[in-house]
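Working notes, structure below.
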Amino acid sequence: MENCEKIIVTVEELKKMVKNNEEDKINEVDVVTCGTCGIMSGTMAIMHITMGQKFRKAEKFTLNGINCNVGPCPNEYLGSVDITVNGTTHTEDYGGGFLFKDLIAGKEVVAKAYCDNVVYEKTLTLSDIPTAELIGTRMAFKNYVALTNLGEPVNTIFHRVALKKGEASFSGCGEYNPLQNMETEYSNLFGKKILLNGSEGLILGYGTRYSAEKPNLMISADMHNMDDYYIGGFHTSAGAEIYDTVAVPIEMNDKNKEYLMTIDDDIVLPLTNVLGRELIKKASYGEAWNNTDLRPKVDLTKCTENKHRDGIIPLSKFCEAVALCPTKALENGIPSKDCFGCGVCATVCHEGVYSMNMNTIGGIPITCRQSDRVRALALSKELKKRIEKGEFKL
């Protein structure tokens with residue numbers, strides 16, 4: 001059957017059918033496009049960069065100040081370098097996720113190769129890098145945990161600021177997550193085509209830290225074909241992180257149907273202590289996502305600290321929300337397309353300029369989200385469009 005003859009729906013469309021008990025419509029569906037977006041620490045890039053000047057071999061290499069791992073090939077006296085770059089590597093307030101986003105957006109970056117006490121420098125863009133492959137060593141976990149704190153504030157990769165007692169953070173797009181909606185037998189996953197940050201790629205197999213209880217994927221795709229909207233850096237109180245967006249087509253067959261019919265209310269989200277990760281209680285993704293705000297509401301008239309003749313404009317020098325935005329998305333106080341919907345601005349602003357309904361987990365207020373349903377659904381829709389147009393072959 002050709003792609004154009006299949007009935008394709010997004011996971012959002014399917015879940016609405018499930019909630020409305022539209023069994024007849026569900027039975028007509030052939031393929032469901034599912035997606036997730038969130039912090040994916042296991043992201044790295046493999047690149048080959050030509051510097052235009054010959055040197056013995058790079059002893060050290062940086063891109064925009066980010067340290068890169070040189071090799072494995074030494075490329076002796078060729079003036080070119082093979083490197084790997086971790087998405088979580090950072091210097092000051094700039095990390096690998098921000099670097100990858102800049103490259104994919106077509107921005108210039110500065111490459112420096114250090115050899116025999118000489119620094120070879122070149123300004124380049126992604127189009128100057130012939131090989132740039134993004135590898136996700138563990139992506140799109142089926143099962144995540146939510147975290148809270150039972151004691152003193154703790155700096156953690158799971159929050160932009162120190163996680164305080166009586167606060168919660170969580171990851172996962174719940175009923176939209178690809179692995180939540182499919183049979184996860186290895187033979188069903190290996191070699192399957194996907195979209196990674198908008199670029200067509202492949203599932204290489206199970207990812208690191210895989211288990212039958214918490215399956216995840218190892219994924220690869222070409223950075224040259226990615227859309228910078230779907231990837232970026234995310235500052236935390238314990239260092240730089242990176243977010244990615246993944247979309248997967250799932251066949252509506254007997255094996256997958258049971259998973260595809262599951263909704264947020266029926267997906268367990270364990271609430272654990274950030275220190276030790278012991279289970280506190282079992283919640284659900286319905287508690288975290290039902291009727292929540294996906295983006296902050298903004299009322300600049302409530303800001304009293306940064307008044308100017310031409311209006312009220314929060315500035316990063318004074319505004320804690322702007323300064324602490326994990327994705328650097330607040331431009332003069334207004335969320336840009338880089339907004340992740342994490343809720344940090346609403347958490348740290350005490351004047352009510354930013355507000356979001358963030359829900360609770362097990363009765364504990366959520367003060368940071370590390371997954372974004374807006375991007376997950378956008379890539380799911382993009383995948384559906386490409387399948388229907390014949391641009392993505394099943």
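If you're wondering where the values come from, they're calculated on a predicted model, not measured in any experiment.
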May I ask you to check whether over 12 heavy atoms, not counting those of [X], lie within 6.0 Å of atom [atom1]?
{"X": "Lys57", "atom1": "NZ", "answer": "no"}
{"X": "Lys19", "atom1": "NZ", "answer": "yes"}
{"X": "Arg295", "atom1": "CZ", "answer": "yes"}
{"X": "Lys193", "atom1": "NZ", "answer": "yes"}
{"X": "Asn20", "atom1": "CG", "answer": "yes"}
{"X": "Asp116", "atom1": "CG", "answer": "yes"}
{"X": "Lys381", "atom1": "NZ", "answer": "no"}
{"X": "Glu152", "atom1": "CD", "answer": "no"}

Euclidean distance, [Y] [atom2] relative to [X] [atom1], rounded to 0.5 Å:
{"X": "Leu99", "Y": "Cys68", "atom1": "CG", "atom2": "SG", "result": "7.0 Å"}
{"X": "Glu200", "Y": "Leu383", "atom1": "CD", "atom2": "CG", "result": "9.0 Å"}
{"X": "Asn216", "Y": "Lys142", "atom1": "CG", "atom2": "NZ", "result": "12.5 Å"}
{"X": "Arg160", "Y": "Thr236", "atom1": "CZ", "atom2": "OG1", "result": "7.5 Å"}
{"X": "Met226", "Y": "Ile231", "atom1": "CE", "atom2": "CD1", "result": "6.0 Å"}
{"X": "Leu63", "Y": "Leu124", "atom1": "CG", "atom2": "CG", "result": "7.0 Å"}

Do side-chain atoms of [X] reach the backbone of [Y] as a donor and acceptor pair under 3.5 angstrom?
{"X": "Ser336", "Y": "Ala329", "result": "yes"}
{"X": "Asn188", "Y": "Thr184", "result": "no"}
{"X": "Thr367", "Y": "Glu167", "result": "no"}
{"X": "Lys122", "Y": "Thr50", "result": "yes"}
{"X": "Ser171", "Y": "Ser371", "result": "no"}
{"X": "Asn197", "Y": "Thr245", "result": "yes"}
{"X": "Lys255", "Y": "Glu183", "result": "no"}
{"X": "Thr137", "Y": "Gly42", "result": "yes"}
{"X": "Asn143", "Y": "Pro215", "result": "no"}
{"X": "Thr33", "Y": "Ser380", "result": "yes"}

If hydrophobic clusters are built from ILVMFWY residues whose side chains come within less than 4.5 Å, do [X] and [Y] share one?
{"X": "Phe190", "Y": "Leu196", "result": "yes"}
{"X": "Tyr259", "Y": "Val11", "result": "no"}
{"X": "Ile135", "Y": "Ile219", "result": "no"}
{"X": "Ile129", "Y": "Met44", "result": "no"}
{"X": "Leu179", "Y": "Leu14", "result": "yes"}

Looking only at side chains, do [X] and [Y] share a donor and an acceptor under 3.5 Å apart?
{"X": "Ser220", "Y": "Glu133", "result": "yes"}
{"X": "Tyr94", "Y": "Asn64", "result": "yes"}
{"X": "Asp222", "Y": "Ser199", "result": "no"}
{"X": "Thr36", "Y": "Asn177", "result": "yes"}
{"X": "Asn359", "Y": "Asn290", "result": "no"}

Requested in this report: May I ask you to check if Arg369 and Phe340 form a cation-pi contact, with NZ or CZ under 6.0 angstrom from the six-membered ring centre and within 45° of the axis?
Outcome: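 Verdict for Phe340: no cation-pi partner in Arg369.
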Could you tell me if the side chain of [Y] sits less than 4.5 Å from the side chain of [X], heavy atoms only?
{"X": "Gln370", "Y": "Leu147", "value": "no"}
{"X": "Arg375", "Y": "Tyr243", "value": "yes"}
{"X": "Val110", "Y": "Glu121", "value": "yes"}
{"X": "Val298", "Y": "Pro335", "value": "yes"}
{"X": "Val248", "Y": "Lys192", "value": "yes"}
{"X": "Arg386", "Y": "Leu195", "value": "yes"}
{"X": "Val145", "Y": "Lys214", "value": "yes"}
{"X": "His159", "Y": "Val274", "value": "no"}

[X] versus [Y], closest heavy-atom pair with distance:
{"X": "Phe55", "Y": "Gly79", "value": "CE2-CA, 3.9 Å"}
{"X": "Gly201", "Y": "Ala221", "value": "CA-CB, 3.8 Å"}
{"X": "Asp227", "Y": "Ile104", "value": "C-CG2, 3.8 Å"}
{"X": "Val81", "Y": "Val70", "value": "CG1-CG1, 4.1 Å"}
{"X": "Val154", "Y": "Ser237", "value": "O-OG, 4.4 Å"}

Query raised in the report: Hey, mind stepping through Leu134 and Asp244 against side-chain contact (heavy atoms from CB on, under 4.5 Å) and telling me if it holds?
Result: CA-CA 10 Å; Leu134 202 70; Asp244 299 279; 3.7 Å; yes
Query raised in the report: Going through the checks in order, is the side-chain contact (heavy atoms from CB on, under 4.5 Å) test met by Glu108 and Thr125?
Result: CA-CA 5 Å; Glu108 289 186 338; Thr125 65; 3.7 Å; yes
Query - side chain to side chain donor-acceptor pair (under 3.5 Å) partner of Asn181, the single match among Glu258, Lys257, Lys15 - result: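 By the side chain to side chain donor-acceptor pair (under 3.5 Å) criterion, Asn181 pairs with just one of Glu258, Lys257, Lys15: Lys15.
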Hey, are [X] and [Y] close enough for a salt bridge, meaning a charged N less than 4.0 Å from a carboxylate O?
{"X": "Asp264", "Y": "Arg373", "answer": "yes"}
{"X": "Lys101", "Y": "Asp338", "answer": "yes"}
{"X": "Lys385", "Y": "Glu382", "answer": "yes"}

Report task. Could you check Ile83, Asn67, Asp82 and say which one makes a side-chain contact (heavy atoms from CB on, under 4.5 Å) with Phe61? Result -> Ile83
**Report entry** Worked check of side-chain contact (heavy atoms from CB on, under 4.5 Å) between Trp289 and Phe170
**Finding:** CA-CA 11 Å; Trp289 283 119; Phe170 80 99; 3.5 Å; yes
Requested in this report: Start with the C-alpha distance between Cys37 and Leu379, add both sets of side-chain angles, then the distance that settles side-chain contact (heavy atoms from CB on, under 4.5 Å), and finish with yes or no.
Outcome: CA-CA 9 Å; Cys37 173; Leu379 196 60; over 6 Å; no
Query raised in the report: Yes or no on side-chain hydrogen bond (donor to acceptor under 3.5 Å, both in side chains) for Ser284 and Asp265, after CA distance, side-chain angles and deciding distance?
Result: CA-CA 6 Å; Ser284 75; Asp265 291 338; 4.7 Å; no
